[in-house]
Amino acid sequence: MSEVFVSILLLTGASFMVLAAIGIVRLPDLPTRMHASTKAGAMGAILTMAGVALHFSDSAVAARAIAFIVFILLTAPIAAHVIGRAGYFTGITLWSGTTKDELRERYDPDSHKLSSGLENKTGRAVLSRDENASD
């Protein structure tokens, strides 16, 4: 019975990885490609490691598999976010069907400065009411 469950986990993990590869090749721009590779690739790796941990039934292998899964869950979204922002800031064009670009008004491509939206006209950060009351 466990061999069937291990097989299902490994095949599902491999299917997610193939789906991530297809998404990288077929999707139109960097943000959508990053979405496909991060979500499907991470899920594929997690399912594969779960299958490996179940197959070997050893506490050392299971601990390493769990550590790997935690590592993927912590690093994959952050890495995708950083790569996506770097691509945006270097001028990679978005897909023509993109409907929302939240950075367009806040990013100056000439000076490479990104404003947070909290600056006032002098360029200094605006303090919240709680910070003003403590001064």
Side-chain angles (χ1 to χ4, degrees):
M1 181 66 182
S2 81
E3 290 178 3
V4 173
F5 194 59
V6 168
S7 298
I8 290 171
L9 285 172
L10 292 176
L11 287 173
T12 307
S15 299
F16 271 102
M17 289 185 200
V18 168
L19 186 63
I22 291 170
I24 290 172
V25 172
R26 299 280 302 171
L27 292 173
D29 65 347
L30 179 70
T32 55
R33 289 177 185 157
M34 292 301 301
H35 182 76
S37 66
T38 303
K39 302 292 182 187
M43 188 65 166
I46 289 168
L47 290 172
T48 301
M49 291 310 296
V52 167
L54 188 62
H55 173 73
F56 287 105
S57 300
D58 183 25
S59 60
V61 173
R64 289 181 184 135
I66 291 169
F68 180 82
I69 289 170
V70 169
F71 180 77
I72 291 292
L73 287 173
L74 291 175
T75 59
I78 296 167
H81 179 78
V82 169
I83 292 169
R85 277 178 77 115
Y88 186 88
F89 293 155
T90 58
I92 292 178
T93 56
L94 297 177
W95 175 48
S96 60
T98 301
T99 58
K100 192 172 189 178
D101 183 3
E102 294 180 355
L103 294 178
R104 182 177 297 148
E105 297 87 26
R106 297 176 187 220
Y107 177 65
D108 181 16
D110 296 328
S111 67
H112 297 292
K113 291 193 179 189
L114 179 65
S115 66
S116 66
L118 298 176
E119 293 87 11
N120 61 13
K121 294 183 189 217
T122 62
R124 293 178 36 191
V126 177
L127 298 175
S128 68
R129 285 186 230 201
D130 296 334
E131 291 173 349
N132 284 334
S134 66
D135 289 338

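These values consider heavy atoms only, across backbone and side chains, with no hydrogens, waters or symmetry-generated copies.
- I22 forms part of a hydrophobic cluster together with V18, judged by ILVMFWY side-chain heavy-atom separations under 4.5 Å.
- Qualifying ring pair (Phe, Tyr, Trp, His ring centres under 6.0 Å) partners for F89, counting only residues two or more places apart in sequence or in other chains: Y107.
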Ignoring hydrogens and angles, write down the donor-acceptor pairs under 3.5 Å from the side chains of residues 5-17, residues two or more places apart or on other chains.
unit_1, atom_1, unit_2, atom_2, d
S7, OG, E3, O, 2.8
T12, OG1, I8, O, 2.6
S15, OG, L11, O, 2.8

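- The other members of the hydrophobic cluster of F68, by chain and number, are I46, M49, I69, I72, L73 (side-chain heavy atoms under 4.5 Å, ILVMFWY only).
- To the nearest 0.5 Å, the span separating OG1 on T32 from CD1 on I24 amounts to 10.5 Å.
- The CG atom of L30 sits 12.0 Å away from atom OH of Y88, with the distance rounded to the nearest 0.5 Å.
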Extract all donor-acceptor atom pairs below 3.5 Å that involve side chains of residues 35-42 and protein atoms in other chains or at least two apart in sequence.
unit_1, atom_1, unit_2, atom_2, d
S37, OG, R33, O, 3.2
S37, OG, M34, O, 3.2
T38, OG1, M34, O, 2.8

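- Remark: D58 pairs with no residue by the side chain to side chain donor-acceptor pair (under 3.5 Å) rule, at least two apart or across chains.
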